[in-house]
Peer 1: 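Have a look at the structure that comes next, please.
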Amino acid sequence: MFTVVAEDIAKSYSRKVRALKGVSLSVDKGELFGLIGPDGAGKTTLFRILTTLILPDSGTASVCGYDIVKDYKEIRKRVGYMPGKFSLYQDLSVRENINFFATLFGTNLKDNYETVKDIYSQIEPFERRKAGALSGGMKQKLALSCALIHRPDVLFLDEPTTGVDPVSRKEFWAMLKRLKEQGLSIIVSTPYMDEATLCDRIALIRNGSFMDTDSPSGIISKFDRTLLSVKGSRMPALLKALRADDRVHSCFAFGDTHHIVMNKSVSADVIGSLHSSLLARGFDDVEIKSIAPNIEDCYMYLDTINR
Amino acid sequence: MIKYLIEKEFKQIWRDRFLLVLIPLLPALVMLVFPWATTMEIKSVNISVLDYDHTPLSAKLINKISSTSYFNITAVAMNKREANDHISSGVADMVIEIPNGFEKELVNDRTSSLMVLANAVNGSKAGFGTSYLNAIIIDFAAQMNFAQGAISLNTMGGISVEPYYWFNPSMDYKIPMIPALIVLIVTLLVGFLPSMNIVAEKESGTIEQINVTPVSKFAFIAGKLIPYWIIGVIVLSIAILVSYLMFGLQPKGSIFLLYGISIFFILGISAMGLLISNYSSTMQQAMFTMFFLIIIIILMSGILTPISSMPEWAQVIAAINPMTYFAEIMKLIYLKGSTLADLMQYIYPLVVFFVIIFAWAMLSYRKRG
């Protein structure tokens, strides 16, 4: 029995803006599901549909066995939603915010303290501080506490780590892991590819469609091309030269190296031949290595073949 | 749950320094300043005198005119052109022209004529000025006839009308303006504040977080409305208190009745604010829409101009305007001391307005797009 099931969900904001073009997903109980994709891919729209804030144009979905259109009232009692933008009352204190949302769900902090303790105890020393005066990481913890205060069955987190420092991000994911272990289903979206491997399963979303849905290792194992990392002194010129090479399928700047995906029909000694052809064009200090793909490589590759 | 929603609204208002100062200060200032400014009374009309007669009698008339508090003799003209210049340059609002032989005619024939010119750019000033001046001249003529032992049958008809103004015997314009100003300031605050409220939650994103909770539409809207009713009562009380302290004016009728009826008006106007807020997606939109509506409500409520002299279509708007009824109720309780039975006909429309707008505000609050 899946906690969240969506089938062929589509949503357009206007004739030109088609935010979702028919996506399907299913999330198991106690599963951490990641939606990975850039800004504007449709992540937030999908969240808003699943949390019953907007209606889809077509497709069906159910959350905890309730239909998102008919039984939205039941769903609202059972889901926790943390929007991408911090949307608690900045002029209310930490304690007032959590009490307020607890009351709206017909509960209180005392009864559910155990559920949020792990997270809330970290911000408890600042209970009297206004939410607007909290740091980014603490705001996220407060928002997560407010989303958890009514013991939801499913948690929807829309880009919870965007704009949060690396240490807090790590902490946040550790918290999600612990929540998952308590049997909570979590759907989280993120534009950070490195966070994808922390999920049980992920969907790579692009322009309102899923390119693939699988476990992170499953997605990586499907990558069947040769992937090389190239480094040299004249990086911009190198990128141009590599893109012009007909053995290269696609090439992207990736930190201080270029990652290139080779075409299928390349020979075994592709590194050597690429090295010599680059040397012939005046790139005398290039370093070429064969590397294992990560999620970002898979995303970029799928992005090029789906274009 | 509603209790907690209300508590939250008050916490937010309490922490907004600007609102905390604005809510008591605005009604106090309005009641202190505006009764002096919003008067229809015409004072200090400037007059240019064009006296061709130059006799003791004409001098006496001029003296009589200048001795009133309404008129100042600001210029003396030698000829018609000069008199016209005085009007066009703004030196004088009116010209009184006394013809040659004025005294002689008046003494011999007991009748004479003079000319009064008024600059009608400011219509009410010209109108009131002319009629005041007329009254002075008639009075002057009556005195003249009496002084000469003649009975003024022809000029005065032997009857003099002594007007008595009920409910405001001294025709002090501040008195009828005060209840209207109280209504005005209450409308402004309980109209604008809620119109900014829901849209502010939309802009800050907090509405998303509310919308995913199981809170009902009724609880949400009622939780927004009740704080503004309380604010409205505070504003009303400050305005009533200031007008009593400053002008010694207190309602002739029951103050409890006044507060009781104000519930429907304040809730109705606040619900209208929330309605606008529901339909707006930015504070700016809400602000301008509300501004437009409030102007219509004020202009077509009869507090500035009488409804009976409006064209029919405007009278229709006035008839659905809640301020029309509340302004009337305030005036009647304040000046006439009307009772509940007298006021029922004005209360029904307020209740209907509130019920319709509240239902509309509740239904238009969409928890999903």
Side-chain angles (χ1 to χ4, degrees), chain A residues 11 13 44-45 47-57 63 68-69 71-93 95-108 130-133 142-143 146-147 149-150 152 154-156 158, chain B residues 1-23 193 196-227 231 277-278 281-283 362-369:
Chain A
K11 175 79 185 175
Y13 291 111
T44 302
T45 303
F47 274 121
R48 288 165 58 88
I49 289 171
L50 292 177
T51 53
T52 76
L53 284 170
I54 52 173
L55 293 167
D57 295 338
V63 177
I68 55 157
V69 180
D71 310 318
Y72 65 96
K73 282 186 178 158
E74 289 302 317
I75 293 176
R76 283 177 186 164
K77 290 180 198 159
R78 289 171 175 80
V79 303
Y81 175 45
M82 188 175 148
K85 188 183 156 198
F86 181 71
S87 40
L88 300 177
Y89 292 96
Q90 312 244 11
D91 47 357
L92 296 186
S93 72
R95 184 63 188 253
E96 284 163 350
N97 265 301
I98 195 128
N99 280 341
F100 179 70
F101 286 102
T103 312
L104 291 190
F105 282 107
T107 177
N108 57 58
K130 299 235 179 88
L142 175 59
C146 287
I149 191 66
H150 58 296
V154 197
L155 201 53
F156 291 93
D158 192 3
Chain B
M1 191 186 281
I2 293 182
K3 188 185 137 269
Y4 211 87
L5 285 166
I6 295 169
E7 196 183 317
K8 174 224 130 203
E9 293 297 325
F10 272 113
K11 274 181 189 154
Q12 288 188 299
I13 292 166
W14 192 251
R15 279 166 203 178
D16 188 332
R17 288 284 163 83
F18 177 72
L19 283 186
L20 209 55
V21 173
L22 184 87
I23 290 169
L193 292 179
M196 300 288 115
N197 186 300
I198 295 175
V199 75
E201 295 222 22
K202 282 185 198 167
E203 284 197 350
S204 69
T206 49
I207 197 104
E208 290 268 277
Q209 204 89 66
I210 299 259
N211 286 350
V212 289
T213 70
V215 68
S216 72
K217 284 181 175 192
F218 175 80
F220 182 78
I221 295 294
K224 293 272 178 203
L225 209 52
I226 294 168
I231 288 171
S277 211
N278 272 338
S281 41
T282 65
M283 300 261 258
M362 205 171 80
L363 295 174
S364 65
Y365 164 53
R366 295 237 164 261
K367 289 188 79 180
R368 57 183 356 191

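Computed from a predicted model, the values in this text were never measured in an experiment. Chain identifiers are assigned alphabetically (A, B, ...) following the order of the sequence lines, protein sequences preceding nucleic acid strands; residue numbering begins at 1 within each chain.
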Peer 1: Identify which part of Leu5(B) has an atom lying under 4.5 Å from any heavy atom of chain A, answering side chain, backbone, both or neither.
Peer 2: both
Peer 1: Between Phe86(A) and chain B, with a heavy-atom cut-off of 4.5 Å, which part of the residue counts as in contact: side chain, backbone, both or neither?
Peer 2: backbone
Peer 1: Answer whether the closest heavy-atom distance between the side chains of Arg15(B) and Leu92(A) falls below 4.5 Å.
Peer 2: yes
Peer 1: Please state whether the side chain, the backbone, both or neither of Glu96(A) comes within less than 4.5 Å of a heavy atom of chain B.
Peer 2: both
Peer 1: How many angstroms lie between atom CD1 of Ile98(A) and atom OG1 of Thr103(A), to the nearest 0.5 angstrom?
Peer 2: 10.5 Å
Peer 1: May I ask you to name which of Tyr89(A), Phe100(A), Phe105(A) has the most heavy-atom pairs under 4.5 Å with chain B?
Peer 2: Tyr89(A)
Peer 1: Rounded to the nearest 0.5 Å, how far does NZ of Lys224(B) lie from OH of Tyr365(B)?
Peer 2: 8.5 Å
Peer 1: Side chain, backbone, both or neither: which part of Ser204(B) has a heavy atom under 4.5 Å from chain A?
Peer 2: backbone
Peer 1: Any side-chain donor-acceptor pair under 3.5 Å between Asp158(A) and Thr44(A)?
Peer 2: yes
Peer 1: Quick one: which of Lys73(A), Lys130(A), Glu74(A) has the most heavy-atom pairs under 4.5 Å with chain B, could you say?
Peer 2: Lys130(A)
Peer 1: Please classify the contact of Glu7(B) with chain A as side chain, backbone, both or neither, using a heavy-atom distance under 4.5 Å.
Peer 2: neither
Peer 1: Nearest 0.5 Å, what's the OG-NZ distance between Ser277(B) and Lys202(B)?
Peer 2: 6.5 Å
Peer 1: Please check if atom NZ in Lys85(A) has more than 12 non-hydrogen atoms from other residues, nucleotides or ligands closer than 6.0 Å.
Peer 2: yes
